[in-house]
Asks: 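Below is a structure I'd like to ask you about.
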Number of protein chains: 4
Amino acid sequence: MYDADDDQSHVSAPQALTSSSKEKLRQFVARIETLETEKSELAEQLKEVYGEAKSLGFDTKALRAVIRLRKQDANDRAEAEMMLDLYLEAVGEI
Amino acid sequence: MYDADDDQSHVSAPQALTSSSKEKLRQFVARIETLETEKSELAEQLKEVYGEAKSLGFDTKALRAVIRLRKQDANDRAEAEMMLDLYLEAVGEI
Amino acid sequence: MYDADDDQSHVSAPQALTSSSKEKLRQFVARIETLETEKSELAEQLKEVYGEAKSLGFDTKALRAVIRLRKQDANDRAEAEMMLDLYLEAVGEI
Amino acid sequence: MYDADDDQSHVSAPQALTSSSKEKLRQFVARIETLETEKSELAEQLKEVYGEAKSLGFDTKALRAVIRLRKQDANDRAEAEMMLDLYLEAVGEI
DNA sequence: CACGGCGTACATCGCC
DNA sequence: GGCGATGTACGCCGTG
């Protein structure tokens, strides 16, 4: 996208961004980078937690498996709910 | 995990976890799940931001490229900084 | 799905599938699962081939790029062919 | 990878491939392209099957959900098996 | 240090 | 034709 303000044509000719578009773009970049920074920090903390568990003698592989299973269960429940809705709709109950 | 409290041996005898170990395990699981939830929320917000940018006509693929490049630049700068420090230290400037 | 045999109405009344429909459904599921199994096996074999190439010292990323480019070329050639046919037909040469 | 026969150094200097390496490369490309062709054909057939089901009045969305669920169940069983092994190993039973 | 697993990003496809 | 979902590929990290 070359100019979010101007472009009504969908042509691919390069054109400069308006200053308004540039400003919006800057803001998007800033918001994204903030969120990614926070996300990286959480990832960092997760690593630390696993490291701490490991240093206390826990098997991180098994620990990760537990986490994965619990998540999977949650997903399964959500999926089951979805399927129920789908079936109810299929038999005209919605 | 054999038992973070008991096991100093790494032998293969089956043994249950002590209640203390179980409690620690529960806490680790809780901490991890909290962090992962927050991480997912940030991921969600990132998707929303990209979606908003897209709805305003910005090319998200290009936007992602911008983010990636800036990140790379930051890494490069950090690395250069590290090298500089290393050299300064090597010549006794620190 | 209301009933592939019966339903001409698209009304929302709940109704069970006829046994004939159920049988068809089973067959569809079976055919799909067979095809997906075969597809997974091919995917598996592809992984093995890439693994073998890697173990012989080839850069799999470059190898993948080669495959991608050749595929693109093939697509381009097919498209050119189609255009040619279209033009030939347009000038009454077919 | 610049030469699968010669390169013991892992340096990144560009160098020509030996004819032996080139030949191997050609064979890998051929094998990969064969497998990918077959995979695409299966994908094509899958599309046809779903299309046929749809034309007979079946709800493909529900059909896909069924397939997904059955696959998920299989995965769950495999995962459960893995967890069992993991736990058995953790208590020294392997 | 090389490998495999995991999470993420891209592309494709079916649907609307 | 845009959008959402799904399958595939890449990069990163932890591990042996």
Side-chain angles (χ1 to χ4, degrees), chain A residues 1 10 32 35-36 39-40 42-55 58-65 67-68 71-72 79 82 86, chain B residues 32 35-36 39-40 42-44 46-48 50-57 59-68 71-72 75, chain C residues 32 35-36 39-40 42-44 46-68 71-72 75, chain D residues 1 8-10 32 35-36 39-40 42-44 46-51 53-55 58-65 67-69 71-72 75 79 82 86:
Chain A
M1 187 273 179
H10 287 176
I32 289 166
L35 290 170
E36 297 224 317
K39 193 150 148 277
S40 298
L42 287 174
E44 191 61 26
Q45 293 175 37
L46 273 167
K47 283 177 55 176
E48 289 168 17
V49 173
Y50 277 109
E52 186 183 336
K54 180 174 191 155
S55 77
F58 290 94
D59 174 357
T60 56
K61 186 176 169 186
L63 181 50
R64 284 178 193 274
I67 298 290
R68 192 182 337 125
K71 191 176 185 177
Q72 189 62 256
E79 174 88 355
M82 238 190 55
L86 187 60
Chain B
I32 288 166
L35 290 170
E36 297 222 318
K39 192 152 152 274
S40 299
L42 286 174
E44 189 63 25
L46 272 167
K47 280 187 62 178
E48 288 168 18
Y50 277 110
E52 185 182 336
K54 179 175 191 160
S55 76
L56 289 180
D59 175 356
T60 56
K61 188 176 170 184
L63 181 49
R64 283 178 193 274
V66 169
I67 299 291
R68 198 184 321 128
K71 190 176 185 179
Q72 192 54 44
N75 289 343
Chain C
I32 289 167
L35 290 170
E36 297 222 317
K39 190 151 151 277
S40 298
L42 286 173
E44 189 63 24
L46 272 167
K47 280 188 62 178
E48 289 169 17
V49 173
Y50 277 109
E52 185 183 336
K54 179 174 190 161
S55 77
L56 289 180
F58 290 94
D59 174 355
T60 57
K61 188 177 169 183
L63 182 49
R64 283 177 194 274
V66 169
I67 298 292
R68 197 183 323 127
K71 190 176 185 178
Q72 193 54 46
N75 289 343
Chain D
M1 186 275 189
Q8 287 116 16
S9 60
H10 286 177
I32 289 166
L35 290 170
E36 297 224 317
K39 192 149 149 279
S40 298
L42 286 174
E44 190 63 24
L46 273 167
K47 283 177 54 176
E48 289 169 18
V49 173
Y50 277 109
K54 181 176 189 151
S55 77
F58 290 94
D59 175 357
T60 56
K61 186 177 169 186
L63 181 50
R64 283 179 193 274
I67 298 292
R68 193 183 336 127
L69 269 197
K71 190 177 186 177
Q72 189 61 254
N75 288 344
E79 175 88 354
M82 238 190 55
L86 188 61

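Basis for what follows: all heavy atoms, side chains included, without hydrogens, waters or symmetry-related copies. Note on naming: letters A, B, ... go to the chains in the order of the sequence lines (proteins, then strands), and numbering restarts at 1 for each one. Remember, it's a predicted structure, so these values are computed and weren't measured experimentally.
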Asks: Using whole Å, report how far CD of B:Glu48 lies from P of F:dC3.
Replies: 16 Å
Asks: Mind checking side-chain hydrogen bond (donor to acceptor under 3.5 Å, both in side chains) for A:Glu36 and listing every partner two or more places apart, or none if nothing turns up?
Replies: none
Asks: Within the 4.0 Å limit for protein heavy atoms, which parts of nucleotides 4-16 of chain F are touched? Write it as a string from 5' to 3', B for base, S for sugar-phosphate only, - for none.
Replies: --S-S-SS--SS-
Asks: Take atom CG of A:Leu46 and atom P of E:dT8, then tell me their distance rounded to the nearest Å.
Replies: 11 Å
Asks: Between P on E:dA2 and CG on C:Leu56, what's the gap in Å once rounded to a whole number?
Replies: 15 Å
Asks: Starting at atom CG of B:Asp59, determine the distance to atom P of F:dC3, rounded to an integer number of angstrom.
Replies: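 For the pair B:Asp59 CG and F:dC3 P, the rounded distance is 13 Å.
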Asks: Could you list the residues that satisfy side-chain hydrogen bond (donor to acceptor under 3.5 Å, both in side chains) with C:Glu52, not counting sequence neighbours?
Replies: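 For C:Glu52, the residues satisfying side-chain hydrogen bond (donor to acceptor under 3.5 Å, both in side chains) (neighbours in sequence not counted) are D:Arg31.
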Asks: Could you grab the distance from atom NZ of D:Lys54 to atom OG1 of D:Thr60, nearest 0.5 Å is fine?
Replies: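 Result: 5.0 Å between the selected atoms.
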Asks: What integer distance in Å separates D:Leu86:CG from E:dG5:C1'?
Replies: 14 Å
Asks: Just the rounded figure in Å: distance from P of E:dG7 to CD of A:Glu44.
Replies: 16 Å
Asks: Below 3.5 Å, can you tabulate the donor-acceptor pairs from side chains in residues 43-50 of chain A to any protein atom, sequence neighbours excluded?
Replies:
none

Asks: Under the salt bridge (Lys or Arg N to Asp or Glu O under 4.0 Å) rule, collect the residues that match up with D:Glu79, sequence neighbours excluded.
Replies: A:Arg68
Asks: Over how many whole Å does the gap from B:Leu35 atom CG to E:dG7 atom P extend?
Replies: 14 Å
Asks: My understanding is that only residues two or more places apart in sequence, or in another chain, count here; which of them pass side-chain hydrogen bond (donor to acceptor under 3.5 Å, both in side chains) with C:Arg64?
Replies: none
